[in-house]
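Below: one structure, written as structure tokens.
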Amino acid sequence: MQMKLENLNEKQLEAVKTTEGPVLILAGAGSGKTRVITQRIAYLISRGVPAYNILAITFTNKAAGEMRERVYKLLGQEPPKRVKYFSRSAPNMGTFHSICAQILRKESKKLGYKTNFTIYDESDQKAAVKKAMENLELDTEQFLPKNIVYAISSAKSELMSPEDYSRYASSFFQEIVEKVYSEYERILFDQGAMDFDDLITKTLLLFKKSPETLQSYQSYFKYILVDEYQDTNKAQYELIKMLAQVHKNICAVGDNDQSIYGWRGADFRNLMKFESDFPKTKVIMLEENYRSTQNILEAANKVIRNNSLRKDKNLWTKGEKGDKLIYFQARDEKDEAEFVVRKIRELEKLNDDFSNFVILYRTNAQSRSLEETFLKYDLPYKIIGGVRFYERAEIKDIVAYLRTIYNPMDLVALERIINMPARGITEKTWRQIVPLWQEYLNDKNHLKKNIDRLKTISDKAKKSLARFIDLLALFQKSVEDQKLGELIDFVAKGSGYKDFLLSPKNEDKKLENEARWENIQELKSVAEEFHGMPTQDALAAFLEEVSLISDIDQYDNGTKAISLMTAHSAKGLEFKNVFIVGLEENLFPHSRSLLEPTEMEEERRLFYVAMTRAKKRLFLSSTKQRMYFGSTQRNLTSRFISEIPENLLDKEVAGALARLKQKTSGSGLNSKILQNQKSAIIDLCPGDQVIHKTFGEGVVIKMEGSVAEIAFSQFGIKKIAVDLAPIKKK
DNA sequence: GCGCTTTGATTTTTT
DNA sequence: ATCAAAGCGC
């Protein structure tokens, strides 16, 4: 097989060609990392390594898909179609979770799982935790299931079993977690379910329990590559160490400045530890940046240098200096959105079509004002993330039906659908049949008889239950002779869900329900992509994809629209023009990070990631006040702005002049134009930072006529007559 | 027992 | 401001 190694600098070429032994590639932002990884894989194949001996782990499924396409393009071949499990013809590419799910799909019997296991997402986990707490008679109000889910997940990613946890637990809350954790584990096992963390930890457990299994995968995955290594957690790290132990052909690629998933257990020190874990590691630094202009790069370098927990490196580019970064301070989030629109229109007129723009924000909630403004000016946009498709109630309902068909022990799914649409099975009834449900696997008729004998259930409910059991059996039977898409139709109709949505009794909800039905059709069309395999396999693969997919995976850069997404979602992407909005203290950096230096550094890395997405132009903005939770919040400008050298930044302050005109023409309510001693015009708004001769620094909270309420850092809140007081704007 | 209204929480980021 | 879970009347 032939391939050409194209456009590689010396370091990159070395990274591609060093195929044997441990390699650590420290790849700065925009250093051509993807090019290196794909060429490396293609190079291996071209040198005769069978594709299936290669395991490449990426951060998203989307990245894996793209990688696959690029590798085959380099090899001059068509990428293989959707492949079932580990195929002989293609390199294995996927996220940790999807790779592990595939291993477990084949091997879970060795761990004692009775049935096809189901993957629990966060809301399923919450339901299971709630159930565990009820079993233990713990108050779900005092200890929120959400927090316990988080604690359990952290424990799992640190490879702490319930027993380990009991040794570690010291606080009252942790003692509660300890109890819930073991009960939760029992519930999940009984229900044939695994949560996200289990996918990794159970694979590890499998390898520990069964050395032959480990051995077979070790010899299968002869060449291992892990992208975004700085975002691996302890469990993932152990897994990799185990798999690579024999051949030691392990290539880790990462950048500790881009570690932004510490909150979910990622530990960028794994990157630093690599060299000691794998002796004789070849370290290759990629520091030449091919993405951004000098100005953008320099600004980003200066910002990230404020972090103490890092290994210094020097990203550089041969590229042009480029425009200065632009910073705009807006009045509020509407004004901020208008600024974004204004800039996009200017640039769009020149040459850049809409796909060259991305707006990055810290929290999904910030997308709303942007969305409204884009609608107002009729600009095409797409929001990545936010309310996810697979989290919509109707989708979860239909998926819950499929899950129950696939694994009838999945009680979280069963509970969701047993009375949806309403069929007269109440909470009380449900509680009583749960202990009997196990019999479903052995003998459905026995289950029915036992239910029939229960005295505490009404005849109506009994009949309803019997009908439901028959319905489920009918669905299961149809897996044998229907395609997955047809099955979804059959389920929607047979369960009464379709009628429930489309029956005309809900006249005012008609449109909403029709949209829901459309979503189900959309789900069906996704399912149809799996028609190449037997329905039982298709069902498994489909459910797996549904539970592991993220929204960025669906991001399609083909359509010409402005992208809106969180800074987290933007990792790995690049755009000609990048806007980072909401650069305010409490928002970006987020309020929850203010007290913890390590978290503050993670915020800074996140900002660094956001900045380095930009190829040509970078726009930064903040607001003086914004609506948050229905009330007005006033924040200081983000510290990150002040970390950018002045000479790289063009400041566009929200037109004091424009406001001056507005306010003097009679409409000024919250603002006062005045003259201070130096007879400079100051225009004070809530959010402005001021300096008072006596009280020092402060922030304007409220304006009433010429009286300002100012919060001083040293002296608390004072009311000040602004036209008399010795005060000036900072 | 069902479906609607009210309440209460909720928002950092996601596999 | 918005959305999901709990309460209340039919």
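In the text below, chain A, chain B and the rest are named by the order of the sequence lines, each starting its count at 1. Only a predicted model underlies this, so the values are computations on that prediction, with no experimental measurement involved.
Between the side chains of A:K462 and A:T429, no donor N or O sits under 3.5 Å from an acceptor N or O.
The nearest whole Å value for the distance from the OH atom in A:Y361 to the C1' atom in B:dT12 is 13 Å. Distance CD (A:E545) to C1' (B:dT15): 14 Å, rounded to an integer number of Å. If you measure from atom CD of A:E122 to atom P of B:dT14, you get 11 Å, rounded to the nearest angstrom. One can place CG of A:N419 at 9 Å from P of B:dG3, the figure rounded to the nearest angstrom. Look at CG on A:L594: it is 12 Å from P on B:dT12, rounded to the nearest Å. Spacing between atom CG of A:N513 and atom P of B:dG3 amounts to 12 Å, rounded to whole angstrom units. Remark: P of B:dC2 and CZ of A:R423 are 10 Å apart, rounded to the nearest angstrom. Atom CD in A:E602 sits roughly 12 Å away from atom P in B:dT14 (whole-Å rounding).
The nucleotide whose nearest atom lies closest to any side-chain atom of A:M627 is, among B:dT11, B:dT13, C:dA1, C:dA1. For A:E603, taking side-chain heavy atoms from C-beta onward, the closest of the listed nucleotides B:dT15, B:dT12, C:dA1 is B:dT12. With distances taken from any side-chain atom of A:F629 to the nucleotides B:dT13, B:dT11, B:dT15, the minimum falls on B:dT11. The side chain of A:T566 lies closest to B:dT13 when the candidates are B:dT10, B:dT15, B:dT13.
Looking at residues two or more places apart in sequence or on another chain, you find no salt bridge (charged side-chain N to carboxylate O under 4.0 Å, His left out) involving A:E141. By the ring pair (Phe, Tyr, Trp, His ring centres under 6.0 Å) test, A:Y113 is found to be paired with A:F189, residues two or more places apart in sequence or in another chain being considered.
The distance between the ring centers of A:Y261 and A:F59 falls below 6.0 angstrom.
Applying the salt bridge (Lys or Arg N to Asp or Glu O under 4.0 Å) test to residues at least two apart or on different chains, the pairs with a partner in residues 192-201 of chain A are A:K156-A:D195, A:K156-A:D198. Applying the ring pair (Phe, Tyr, Trp, His ring centres under 6.0 Å) rule to pairs touching residues 224-244 of chain A yields A:Y229-A:F274, sequence neighbours excluded.
If you check every strand for non-hydrogen atoms under 4.0 Å, A:F96 touches nothing. Using a 4.0 Å heavy-atom distance criterion, A:L144 is classed as a sugar-phosphate-only contact.
When the C1' atom is compared between B:dT12 and C:dA5, the two are found 23 Å apart, to the nearest whole Å.
Contact annotation: A:H590 side-chain N/O to B:dT12 OP1/OP2 distance is under 4.0 Å. Put simply, A:S547 has no side-chain N or O that comes within less than 4.0 Å of OP1 or OP2 on B:dT15. One finds a side-chain N or O of A:S569 lying less than 4.0 angstrom from the OP1 or OP2 phosphate oxygen of B:dT14. One finds no side-chain N or O of A:N364 lying less than 4.0 angstrom from the OP1 or OP2 phosphate oxygen of B:dT12.
Using a 4.0 Å cut-off between a side-chain N of Lys or Arg and a carboxylate O of Asp or Glu, A:E338 and A:K376 qualify as a salt bridge. With salt bridges taken as basic N to acidic carboxylate O contacts below 4.0 Å, none links A:R331 and A:E336.
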Report summary line: Nucleotide by nucleotide, nucleotides 3-10 of chain C touches protein heavy atoms under 4.0 Å in the pattern (B base, S sugar-phosphate only, - none) ---S----
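Proximity of residues 258-271 of chain A to DNA chain B (heavy atom under 4.0 angstrom from any strand atom) is restricted to A:Y261, A:W263, A:R264.
With A:R105 contributing its side chain and A:F117 its backbone, the two residues share a donor-acceptor pair below 3.5 Å.
Both A:T429 and A:R592 sit near DNA chain B, but only A:T429 has its closest nucleotide nearer the 5' end.
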Query - Trace of the ring pair (Phe, Tyr, Trp, His ring centres under 6.0 Å) decision for A:Y184 with A:Y181 - result: CA-CA 5 Å; A:Y184 169 86; A:Y181 186 7; 7.2 Å; no
